[in-house]
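Sequence positions, counted from 1, serve as the residue numbers for this chain.
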Amino acid sequence: MKTDFPNYVNFYATFISPTKTELKELFEKNGWKIRKESWEDFEFTNEWSELNLIRDENNPILKGTILNPEINYKTLFELLCNLGAKFQSELYDENSLLLRQDAYP
């Protein structure tokens with residue numbers, strides 16, 4: 001793990017669709033390293049994010065930290081939109097202030 005990630009969570013997304021398995025496959029195909037975090041949950045990492053996919057198969061939540069959020073939030077949002085996901089995402093600052101909230105579709 002990288003040590004330059006902030007020690008707070010700045011990204012959250014809740015999903016109506018796709019399933020947790022489909023999200024895992026999407027991130028894997030797009031270069032994230034995937035590891036099991038628990039019996040049902042996963043950790044996704046790449047050079048600019050450390051994300052956790054939690055909850056049940058049909059109501060997943062993706063949360064974690066993204067570096068350079070002014071750039072990478074949009075990248076992550078577009079990736080999920082291109083999948084056809086139905087979701088809401090939120091970006092926060094270090095003081096838990098909501099900076100951005102989006103939903104698709």
K.L.:
With sequence neighbours left out, what residues match Arg100 under salt bridge (Lys or Arg N to Asp or Glu O under 4.0 Å)?
P.N.:
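Applying salt bridge (Lys or Arg N to Asp or Glu O under 4.0 Å) to Arg100 gives Asp102.
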K.L.:
If you define the side chain from C-beta out and look only at heavy atoms, does anything of Ile66 sit under 4.5 Å from Leu51?
P.N.:
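They are in contact (side-chain heavy atoms under 4.5 Å apart), so the answer is yes.
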K.L.:
Report yes or no: does Lys20 contribute a side-chain atom to a donor-acceptor pair with the main-chain N or O of Leu23 at less than 3.5 Å?
P.N.:
no
K.L.:
Kindly say whether Glu78 contributes a backbone atom to a donor-acceptor pair with the side chain of Asn82 at under 3.5 angstrom?
P.N.:
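The answer is yes, because a donor-acceptor pair under 3.5 Å joins these two groups.
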K.L.:
Any heavy-atom pair between the side chains of Phe11 and Ser49 that's under 4.5 Å?
P.N.:
no
K.L.:
Under 3.5 Å, is there a donor on one side chain and an acceptor on the other for Glu50 and Thr65?
P.N.:
no
K.L.:
Would Phe27 and Phe42 count as a close aromatic pair, with their ring centres under 6.0 Å?
P.N.:
no
K.L.:
Using the side chain to side chain contact (heavy atoms under 4.5 Å, CB included) criterion, which residues pair with Gln101? Sequence neighbours excluded.
P.N.:
Gln88, Glu90, Leu98
K.L.:
What pair of heavy atoms forms the shortest contact from Gly84 to Ser17, and how long is it?
P.N.:
O-OG, 4.4 Å
K.L.:
Quick one: do Lys24 and Glu28 make a salt bridge, cutoff under 4.0 Å?
P.N.:
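Looking at Lys24 and Glu28, the cut-off is met.
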K.L.:
Do Thr75 and Trp48 come close enough that some side-chain heavy atom pair is under 4.5 Å?
P.N.:
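Sidechains of Trp48 and Thr75: in contact.
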K.L.:
Counting only heavy atoms not in Lys36, do more than 12 sit closer than 6.0 Å to its NZ atom?
P.N.:
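Atom NZ in Lys36 is crowded, with more than 12 foreign heavy atoms closer than 6.0 Å.
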K.L.:
Which word best sums up how the rings of Phe87 and Tyr104 line up, parallel for under 30°, tilted for 30 to 60°, or perpendicular for over 60°?
P.N.:
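Judged by the thresholds at 30° and 60°, the geometry between Phe87 and Tyr104 is tilted.
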K.L.:
Could you tell me which residues satisfy ring-ring contact (aromatic ring centres under 6.0 Å, His included) with Tyr8, sequence neighbours excluded, listed by chain and number?
P.N.:
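By the ring-ring contact (aromatic ring centres under 6.0 Å, His included) rule, Tyr8 matches no residue at all.
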